[in-house]
Amino acid sequence: QIEQEKEIREQEREQLLARLYARSAALVDADSGRVLLGKEEHVMRPMASTTKIMTCILALEASDPSRKITVSSQAASQPKVHLGMTEGQSFYLKDLLYSLMLESHNDSGVAIAEGIDGSVEAFAQRMNQKAEEIGCKNTYFISPNGLDAQDSQSNHHTTARELALILRYCIMVSPQREAFLKITRTMQYTFQDCEKNFSYSCNNHNAFLN
C-alpha cells in the first residue's frame with residue numbers, strides 16, 4: 001500500500017509538472033531553502049529581467065536611497081523597456097529603484113549600477129560575490145538589467161532553484177528586506193528627476209498583488 005501511495009504521488013507530480021508552461025521551475029520552502037517541487041530546476045538559463053531582483057537588493061544594501069545618480073550616455077542608450085532618461089539628468093536612487101522593479105526599466109538598472117560602483121562591470125562583481133554568499137553555484141551576472149550578455153568567462157545565467165534562493169534572501173535574510181518588500185508591493189509610484197524638469201509614473205505589473 002505504501003508503494004502504491006508513492007506511485008500515485010509521483011504520477012500526480014508528473015501531471016503537475018507537465019502542465020507548467022515554464023521551461024524551468026522551482027517551488028522552494030522559504031525557511032529551509034529546500035526544493036519541494038522542481039522542473040529542470042538545475043538547468044542554467046538566461047534570467048532576463050529577474051536579474052533586477054539582485055540589482056535592487058544590492059543597491060538597497062550598498063547605498064542611501066537619497067543618493068543622487070547622474071545618468072551616463074551608456075545608461076541613457078539602453079533599449080526598451082526604459083524610463084527614457086537622458087545623459088546628464090540626475091535622479092534619486094530611491095526613485096530609480098521603483099522604476100527598476102515596477103516597470104523593469106533597463107536604463108534605470110545601468111544608472112543604478114554605475115551610480116553605486118562606477119561601472120556595470122564593477123557592479124556585476126558585487127552581484128556575483130553576493131550570489132556566491134547566498135549559495136548559488138550556477139549563477140553568473142554580467143549586467144544589472146538582464147539583457148543577454150556574454151564575456152570571456154560565461155554568459156549571463158542562473159537556474160530556477162538559485163533564482164528562488166536569491167529571492168528568499170531578498171525577502172527573508174537581507175537587512176534591507178523590508179525596504180525591498182515595500183518597493184515590490186507598491187502598486188503605483190510617481191516621481192521627478194532631481195531638477196524637477198520631468199515627471200514619471202510607474203505601475204506595478206505583478207498580477208498577484210491584487
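Along the sequence shown, the residues carry numbers beginning at 1. In this text the structure is predicted, and so the values were computed from the model without any measurement.
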Do [X] and [Y] belong to the same hydrophobic cluster, where Ile, Leu, Val, Met, Phe, Trp and Tyr are linked whenever their side-chain heavy atoms lie under 4.5 Å apart, directly or via other members?
X	Y	result
I183	V81	no
L37	V43	no
L100	L147	no
Y98	Y92	no
L20	M47	no

For the pair [X] (side chain) and [Y] (backbone), establish whether a donor and an acceptor sit closer than 3.5 Å, ignoring hydrogens and angles.
X	Y	result
D117	A113	no
N138	T158	no
N155	A149	no
R177	R168	no
S174	Q176	yes
S77	Q74	yes
D107	L83	yes

State which residue, out of K80, H82, K52, fulfils the side chain to side chain donor-acceptor pair (under 3.5 Å) condition with N106.
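The passing option is K52.
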Output the distance between atom [atom1] ([X]) and atom [atom2] ([Y]), rounded to the nearest 0.5 Å.
X	Y	atom1	atom2	answer
I2	E7	CD1	CD	14.0 Å
L181	C170	CG	SG	9.0 Å
L27	L17	CG	CG	10.0 Å

Is the closest side-chain heavy-atom distance between [X] and [Y] below 4.5 Å?
X	Y	result
M54	I134	yes
T184	N206	no
M127	T139	no
L36	V28	no
M85	S99	no
F180	I53	yes
F123	V110	no
T86	V71	no

Candidate pair R13 and E10, rule salt bridge (charged side-chain N to carboxylate O under 4.0 Å, His left out), full reasoning:
CA-CA 5 Å; R13 174 183 176 278; E10 182 61 26; 3.5 Å; yes
Can you classify the ring geometry of Y200 versus F191 as parallel (below 30°), tilted (30 to 60°) or perpendicular (above 60°)?
parallel
State, to 0.1 Å, how close [X] and [Y] come at their nearest heavy-atom pair, and which atoms those are.
X	Y	value
E87	S73	OE1-CB, 3.5 Å
C202	H105	SG-CE1, 4.4 Å
S143	V120	CA-CG1, 4.3 Å
H205	L102	CD2-O, 3.3 Å
S201	T190	OG-CG2, 3.7 Å
E195	S90	OE2-CB, 3.3 Å

Ion pair K130/E61, N-O distance below 4.0 Å
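Yes, charged N to carboxylate O under 4.0 Å.
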Ionic contact status for E162 with K137, cut-off 4.0 Å
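Salt bridge flag = no for E162 with K137.
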Exercise: do D151 and Y140 side chains pair donor with acceptor under 3.5 Å:
yes
Please tell me whether Q78 and N145 have a donor and an acceptor in their side chains that are separated by less than 3.5 angstrom.
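Per modelled atom types, Q78 and N145 side chains form a pair under 3.5 Å.
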Go through it in stages, so that I can follow the logic: the residues are L209 and M187, the test is side-chain contact (heavy atoms from CB on, under 4.5 Å), and I'd like the CA-CA distance, side-chain angles, deciding distance and then a yes or no.
CA-CA 8 Å; L209 289 182; M187 290 299 299; 3.7 Å; yes
In sequence, state the C-alpha distance, the side-chain angles, and the governing distance for D148 and H156, and then conclude on side-chain contact (heavy atoms from CB on, under 4.5 Å).
CA-CA 6 Å; D148 287 344; H156 190 85; over 6 Å; no
Step-by-step side-chain contact (heavy atoms from CB on, under 4.5 Å) determination, L97 to L60:
CA-CA 9 Å; L97 290 175; L60 288 169; 3.6 Å; yes
S24 and K39: side chain to side chain donor-acceptor pair (under 3.5 Å), yes or no, with the steps?
CA-CA 5 Å; S24 292; K39 175 185 177 182; over 6 Å; no
Run the side chain to side chain donor-acceptor pair (under 3.5 Å) check on S49 and S104 step by step: do they pass?
CA-CA 7 Å; S49 282; S104 193; 3.0 Å; yes
Tell me whether the count of non-hydrogen atoms from other residues, nucleotides or ligands lying under 6.0 Å of CD in E5 goes above 12.
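Above 12, so yes.
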So for atom CD, which belongs to E132, do other residues, nucleotides or ligands contribute more than 12 heavy atoms lying within a distance under 6.0 Å?
no
Starting from the C-alpha separation in whole Å, work towards a yes-or-no answer on side-chain contact (heavy atoms from CB on, under 4.5 Å) for L93 and D64.
CA-CA 8 Å; L93 174 60; D64 189 318; over 6 Å; no
